[in-house]
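As a basis for the values below, the full set of heavy atoms in this structure was taken, side chains included, without hydrogen atoms, waters or symmetry mates.
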Amino acid sequence: MNVFILIIAMFFLMWLLLIRPQRRRQTQQSRMLSDLQPGTEIVTAGGLYGTIESVGEDELMLEIAPGTTVRIARRAVAGVFPHEDSEDDSSGDEADAIDDDPEAASDSSDILHR
């Protein structure tokens, strides 16, 4: 009986540590892919950065440079960047903090160059 309880406990632990987090990541990835729309900035699994011009069922048209558009598979999207509106709001606050603290200026320049 003790062996049976141990096996059940091991299965539950495996589910808790391995299967559950993987399902959560898959759900987040599928939600991100379904929410893609023109104008969204993305990075692909191959490392291309660009802005979505049009969205098809299984593919996207991605503008990687002014006047340069490539067709990529939807599943190749690795990440989505926040809209520029939210970046503009936070950059002003960060710039004020940098002016006040010279050490913060060197720290933030390291972050921007990574």
Side-chain angles (χ1 to χ4, degrees):
M1 186 69 173
N2 289 336
V3 175
F4 184 67
I5 293 173
L6 182 63
I7 290 173
I8 291 175
M10 292 295 286
F11 181 74
F12 177 74
L13 189 63
M14 185 178 74
W15 176 80
L16 188 65
L17 296 176
L18 298 175
I19 297 170
R20 188 171 169 236
Q22 179 64 27
R23 278 195 188 153
R24 184 178 298 141
R25 282 190 294 272
Q26 286 175 342
T27 303
Q28 289 173 343
Q29 179 76 9
S30 64
R31 186 178 304 133
M32 177 193 66
L33 292 177
S34 67
D35 290 343
L36 293 176
Q37 55 187 322
T40 304
E41 290 186 56
I42 63 166
V43 62
T44 67
L48 288 174
Y49 291 84
T51 304
I52 297 174
E53 285 195 344
S54 65
V55 178
E57 188 174 324
D58 292 329
E59 59 188 35
L60 307 170
M61 295 303 288
L62 184 68
E63 182 178 31
I64 57 174
T68 305
T69 304
V70 295
R71 184 178 74 168
I72 64 165
R74 184 184 279 254
R75 66 179 179 268
V77 176
V80 175
F81 292 105
H83 295 305
E84 291 180 6
D85 298 337
S86 62
E87 289 178 14
D88 291 340
D89 295 339
S90 64
S91 64
D93 297 337
E94 186 177 326
D96 294 339
I98 291 172
D99 292 338
D100 296 338
D101 186 9
E103 286 184 24
S106 64
D107 291 342
S108 66
S109 65
D110 290 341
I111 292 171
L112 296 175
H113 292 290
R114 289 184 190 173

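How far OG1 of T44 is from OH of Y49: 9.0 Å, rounded to the nearest 0.5 Å. Remark: L62 CG to I72 CD1 distance equals 5.0 Å, nearest 0.5 Å. Rounding to the nearest 0.5 angstrom, the gap separating the CD1 atom in I19 from the CZ atom in F11 is 5.5 Å. The CD atom of E63 lies 5.0 Å from the OG1 atom of T69; values are rounded to the nearest 0.5 Å. Between atom CE of residue M32 and atom OG1 of residue T40 there is a gap of 11.0 Å, rounded to the nearest 0.5 Å. Interatomic distance, CG of L36 versus CD1 of I42, reported as 6.5 Å (0.5 Å rounding).
Pairs of residues two or more places apart, or lying in two chains, never qualify as salt bridge (Lys or Arg N to Asp or Glu O under 4.0 Å) while including a residue from residues 17-30.
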Criterion side chain to side chain contact (heavy atoms under 4.5 Å, CB included) on V55 and R74, from CA distance to verdict: CA-CA 8 Å; V55 178; R74 184 184 279 254; 2.7 Å; yes
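Residues P38 and S54 approach most closely at CG-CA, 4.3 Å, considering heavy atoms.
Between the side chain of S30 and the backbone N or O of Q26 there is at least one donor-acceptor pair closer than 3.5 Å.
A chain of hydrophobic side-chain contacts below 4.5 Å, direct or via other Ile, Leu, Val, Met, Phe, Trp or Tyr residues, connects I52 to I64. L60 and V43 fall into different hydrophobic clusters, where Ile, Leu, Val, Met, Phe, Trp and Tyr are joined by side-chain heavy atoms under 4.5 Å apart, directly or via other members. Note on V70: it does not cluster hydrophobically with F81, by side-chain heavy-atom contacts below 4.5 Å among ILVMFWY residues.
Summarising the local packing, CZ of R75 is surrounded by 12 or fewer heavy atoms from other residues, nucleotides or ligands at distances under 6.0 Å.
Ion pairing of R71 with E59 is present here, as a side-chain N (NZ or NE/NH1/NH2) and a carboxylate O approach within less than 4.0 Å.
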